[in-house]
Amino acid sequence: MKIAVGSDHAGVEFKKTVVSWLEANGYEANDMGPYTEESVDYPDFARKVAFAVANGECDQGILLCGTGIGVSISANKVKGIRAALACNPEFATLARQHNNANVLCLSARFSDKATIEETLKNWFATDFEGGRHEKRVNKIEPCC
Ligand code: RB5
């Protein structure tokens with residue numbers, strides 16, 4: 001499974017944690033930057049990751065910024081993207097089970113390494129439940 005990973009400057013450090021975790025667990029990480037802590041704009045990197053998932057180049061995406069809010073708002077502007085901000089491991093499970101989320105957004109400033117690793121573990125351990133959730137997810141469409 002190929003995973004697109006991106007962040008802004010606030011997320012660069014924990015992006016390394018994410019990439020290491022992915023590689024250690026048998027996933028291919030496509031690190032789309034940035035690669036230094038020089039200030040950048042989160043929508044630029046959120047868009048890169050979202051495009052890679054939307055066009056099928058990568059299977060899923062992971063994004064980080066200070067809160068995780070900016071990257072999730074930005075990624076969700078791309079058609080076909082269901083980006084979910086997971087503040088804890090349980091959110092990651094539910095975002096996969098109920099929302100079939102395809103981009104996981106993480107907060108670099110309000111999280112820690114252990115929580116991020118647990119959140120990744122839950123995300124990748126969980127499949128979409130389908131059933132009653134399917135028709136709801138199918139209703140998530142750009143509407144104006
Ligand atoms: C950057 O300072 C910060 O605004 C950004 O990382 C993020 O939290 C935005 O949502």
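Scope of the values below: all heavy atoms of this structure, side chains included, with no hydrogens, waters or symmetry mates. Note that ligands are numbered from 1 as they come in the structure, with each ligand's atoms numbered from 1 the same way.
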Evaluate salt bridge (Lys or Arg N to Asp or Glu O under 4.0 Å) for Glu57 paired with Lys2, printing each intermediate quantity in order.
-> CA-CA 8 Å; Glu57 187 191 322; Lys2 199 169 170 182; 5.3 Å; no
When you pair each N or O of ligand 1 with protein N or O atoms, which pairs come out under 3.5 Å?
residue, atom, partner, partner atom, Å
ligand 1, 2 (O), Arg109, NH1, 3.4
ligand 1, 6 (O), Asp8, OD2, 2.5
ligand 1, 6 (O), Gly66, N, 2.7
ligand 1, 8 (O), Gly66, N, 3.3
ligand 1, 8 (O), Thr67, N, 3.0
ligand 1, 8 (O), Thr67, OG1, 3.2
ligand 1, 10 (O), Thr67, OG1, 3.3
ligand 1, 10 (O), Gly70, N, 2.9

Could you walk me through whether Phe124 and Trp21 pass the ring-ring contact (aromatic ring centres under 6.0 Å, His included) check?
-> CA-CA 11 Å; Phe124 286 105; Trp21 189 94; 5.8 Å; yes
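- A parallel orientation is assigned to the rings of His133 and His98, their planes being inclined by less than 30° (bins at 30° and 60°).
- The two residues Leu85 and Phe91 come nearest to each other via the heavy atoms O-CD2, 3.7 Å.
- Between Thr93 and the options Glu90, Gln97, Arg96, a side-chain contact (heavy atoms from CB on, under 4.5 Å) holds for only Gln97.
- When the salt bridge (Lys or Arg N to Asp or Glu O under 4.0 Å) test is applied to Lys113, the partners found at least two apart in sequence or on another chain are Glu117.
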